[in-house]
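Take a look at the structure set out below.
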Number of protein chains: 2
Amino acid sequence: MTDPDTVPEPAPETLPDSAETSDRFAQARTAQSVALLEDYVELIGDLIAEHGEARITDLAQRMGVTHPTVTKAVARLRREGLVISRPYRGVFLTDSGAAMADKVRARHRTVVSLLVALGVPPETAELDAEGMEHHVSEVTLQAFEAYLARQG
Amino acid sequence: MTDPDTVPEPAPETLPDSAETSDRFAQARTAQSVALLEDYVELIGDLIAEHGEARITDLAQRMGVTHPTVTKAVARLRREGLVISRPYRGVFLTDSGAAMADKVRARHRTVVSLLVALGVPPETAELDAEGMEHHVSEVTLQAFEAYLARQG
DNA sequence: CAAGTAGTGTAGCCTTGGCTACATTCCGCG
DNA sequence: CGCGGAATGTAGCCAAGGCTACACTACTTG
């Protein structure tokens with residue numbers, strides 16, 4: 001997961017169109033695998049800001065999953081170096097986790113703002129942004145920001 | 001997954017924000033589970049248009065996965081009533097599969113067009129749209145189309 | 001018609017992200 | 001201090017979506 005260059009590319013002599021296509025799908029797949037981590041990190045940041053700590057139960061409730069699911073996810077976040085946690089204690093962000101949280105939060109706001117600026121109702125914008133945001137590349141994000149700036 | 005009302009909601013007196021949040025994540029999760037089906041259905045439609053049939057190998061190549069992965073996916077598509085297939089024969093869309101393919105293709109075009117209209121380079125637009133499109137609701141899609149129409 | 005190769009199918013394994021059920025720890029309160 | 005309930009951890013299950021390895025079918029072609 002942290003090593004996307006192990007993706008097998010068995011047929012380099014395939015049609016350029018097909019190669020592009022599989023790349024596109026592969027990229028979408030990778031983005032999806034990062035999405036959950038991003039959501040957790042952002043949420044942990046929110047909870048720490050609100051309560052000084054992020055508890056498993058609160059994370060579970062906000063994510064709409066059960067607590068063992070959160071425990072598993074936190075284990076993965078630890079492996080990725082995004083959070084630190086001790087048994088029966090809360091979960092906290094590392095520096096890189098905090099950085100990711102900031103980035104994700106900013107991107108989320110931008111996507112929502114863009115949708116609203118295009119006439120999407122705020123609640124729908126919030127809903128759709130939750131899924132879309134993880135697939136918005138840096139380049140596209142900047143285009144969004146440029147549009148919003150242009151718009152006023 | 002098909003039965004979201006079994007989700008434990010132990011604390012109905014929690015902040016309204018929290019309830020909304022879990023709904024958002026739940027919706028994003030559902031959308032993600034449909035995404036692959038949509039991609040396959042669209043691709044099958046493309047291949048049938050091009051070659052008169054969709055072969056497992058071609059699907060595998062275009063999706064950037066191996067053929068057993070496609071076989072599994074096709075089994076799921078069959079279960080969902082989106083395709084019909086016989087062993088060692090190609091894969092074909094049912095009526096509902098074809099309808100989904102049309103819808104997905106149109107949505108894909110709209111999302112790409114919108115990104116391009118906002119100044120995203122075409123290749124990036126294609127890449128990002130692949131992931132984003134599955135999370136674009138009907139309402140948001142219409143907002144996109146309205147913007148594009150307004151734009152000319 | 002008989003090979004041989006390309007295409008499919010099947011088996012079995014892995015990881016992720018869900019879940020339930022049960023065990024354990026922590027903490028506040030009597 | 002001890003006890004009970006809430007929070008957390010752990011075990012084990014499932015489905016989905018990857019993979020490799022191996023078996024079988026079908027088609028082309030000599």
Side-chain angles (χ1 to χ4, degrees), chain A residues 1-4 6-11 14 22 25-40 43 47 51 53-80 83 85-92 134, chain B residues 1-11 14 22 25-40 43 47 51 53-80 82-83 85-92 134:
Chain A
M1 211 77 47
T2 54
D3 199 11
T6 52
V7 173
E9 214 67 19
T14 43
S22 56
F25 287 121
Q27 172 151 335
R29 254 177 269 132
T30 304
Q32 172 228 335
S33 98
V34 180
L36 250 218
L37 296 190
E38 291 183 341
D39 283 336
Y40 272 105
L43 193 44
L47 287 171
H51 308 124
E53 68 169 350
R55 290 155 68 231
I56 298 285
T57 299
D58 295 339
L59 287 167
Q61 197 222 327
R62 296 271 192 119
M63 293 291 293
V65 299
T66 57
H67 84 265
T69 299
V70 173
T71 301
K72 270 195 196 178
V74 168
R76 193 169 156 221
L77 290 167
R78 282 187 61 140
R79 263 187 279 137
E80 309 271 345
V83 307
S85 68
R86 299 202 334 269
Y88 297 100
R89 290 292 124 93
V91 181
F92 299 91
H134 303 289
Chain B
M1 207 75 64
T2 54
D3 198 12
D5 50 29
T6 53
V7 172
E9 215 66 18
T14 43
S22 56
F25 287 121
Q27 172 151 336
R29 254 177 269 132
T30 304
Q32 172 227 333
S33 98
V34 181
L36 249 218
L37 296 189
E38 291 183 341
D39 283 337
Y40 271 105
L43 194 44
L47 287 171
H51 308 123
E53 68 169 352
R55 289 156 69 230
I56 298 286
T57 299
D58 295 339
L59 287 167
Q61 197 222 329
R62 295 271 192 120
M63 293 291 294
V65 299
T66 57
H67 84 263
T69 299
V70 173
T71 301
K72 269 196 195 176
V74 168
R76 194 170 155 219
L77 291 167
R78 284 187 60 139
R79 263 187 279 140
E80 309 270 345
L82 295 168
V83 308
S85 68
R86 298 203 333 270
Y88 297 101
R89 290 291 124 95
V91 182
F92 300 91
H134 303 288

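Each chain gets a letter, A, B and so on, in the order its sequence line appears, and its residues count up from 1.
Here the C1' atom of nucleotide C/dC27 and the CD atom of A/Glu53 are 13 Å apart, to the nearest Å. For the pair A/Glu80 CD and C/dT16 P, the computed distance is 9 Å after rounding to whole Å. For the pair A/His51 NE2 and D/dA7 P, the interatomic distance rounds to 13 Å; values are reported in whole Å. Whole-Å rounding puts the B/Glu38 CD to D/dG17 P distance at 12 Å. We find that CZ of A/Arg55 is positioned 12 Å from P of D/dG9, with the value rounded to whole Å. Distance, A/Lys72 NZ to C/dT15 C1': 10 Å, rounded to whole Å. If you measure from atom CD of A/Gln32 to atom P of D/dA16, you get 14 Å, rounded to the nearest angstrom. Look at CG on B/Leu59: it is 15 Å from C1' on D/dG17, rounded to the nearest Å.
Using a 4.0 Å heavy-atom distance criterion, B/Thr69 is classed as a base contact. Residue contacts shown for B/Thr66 include a base, since a base heavy atom lies under 4.0 Å away.
Side-chain atoms of A/Ser22 and B/Arg62 include no donor-acceptor pair closer than 3.5 Å. If you check the side chains of B/Glu38 and B/His134, you find a donor sitting under 3.5 Å from an acceptor.
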Polar atoms only, N or O, under 3.5 Å: list the protein pairs with nucleotides 25-27 of chain D and their distances.
| unit_1 | atom_1 | unit_2 | atom_2 | d |
| --- | --- | --- | --- | --- |
| D/dT25 | O4' | B/Tyr88 | OH | 3.3 |
| D/dC27 | OP1 | B/Arg89 | NH2 | 3.4 |

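Remark: A/Thr71 is not in phosphate contact with D/dT8, judged by side-chain N or O atoms under 4.0 Å from OP1 or OP2. Remark: B/Arg29 is in phosphate contact with C/dG18, judged by side-chain N or O atoms under 4.0 Å from OP1 or OP2. Distances shown here put a side-chain N or O of B/Arg79 below 4.0 Å from the OP1 or OP2 atom of D/dA16. Under 4.0 angstrom from either OP1 or OP2 of D/dT8 there lies at least one side-chain N or O belonging to A/Thr57.
Listed by chain and residue number, nothing satisfies the side-chain hydrogen bond (donor to acceptor under 3.5 Å, both in side chains) test with B/Arg76 (two or more places apart in sequence, or in another chain). Residues forming a side-chain contact (heavy atoms from CB on, under 4.5 Å) with A/Ala60 (at least two apart in sequence, or on another chain): A/His67, A/Val70. With sequence neighbours excluded, no residue satisfies salt bridge (charged side-chain N to carboxylate O under 4.0 Å, His left out) with A/Arg29. Listed by chain and number, the residues in a side-chain contact (heavy atoms from CB on, under 4.5 Å) with B/Thr66 are B/Pro68, B/Thr69 (sequence neighbours excluded). The salt bridge (charged side-chain N to carboxylate O under 4.0 Å, His left out) search around B/Asp39 returns none, not counting sequence neighbours.
With hydrogens and angles left out, the side chain of B/His67 and the base of C/dG7 share no donor-acceptor pair within 3.5 Å.
Out of C/dG18, D/dT20, D/dT8, the shortest distance to the side chain of B/Pro68 is found at D/dT20.
With the nearest nucleotide of DNA chain D identified for both A/Ile56 and B/Leu37, A/Ile56 has the one nearer the 5' end.
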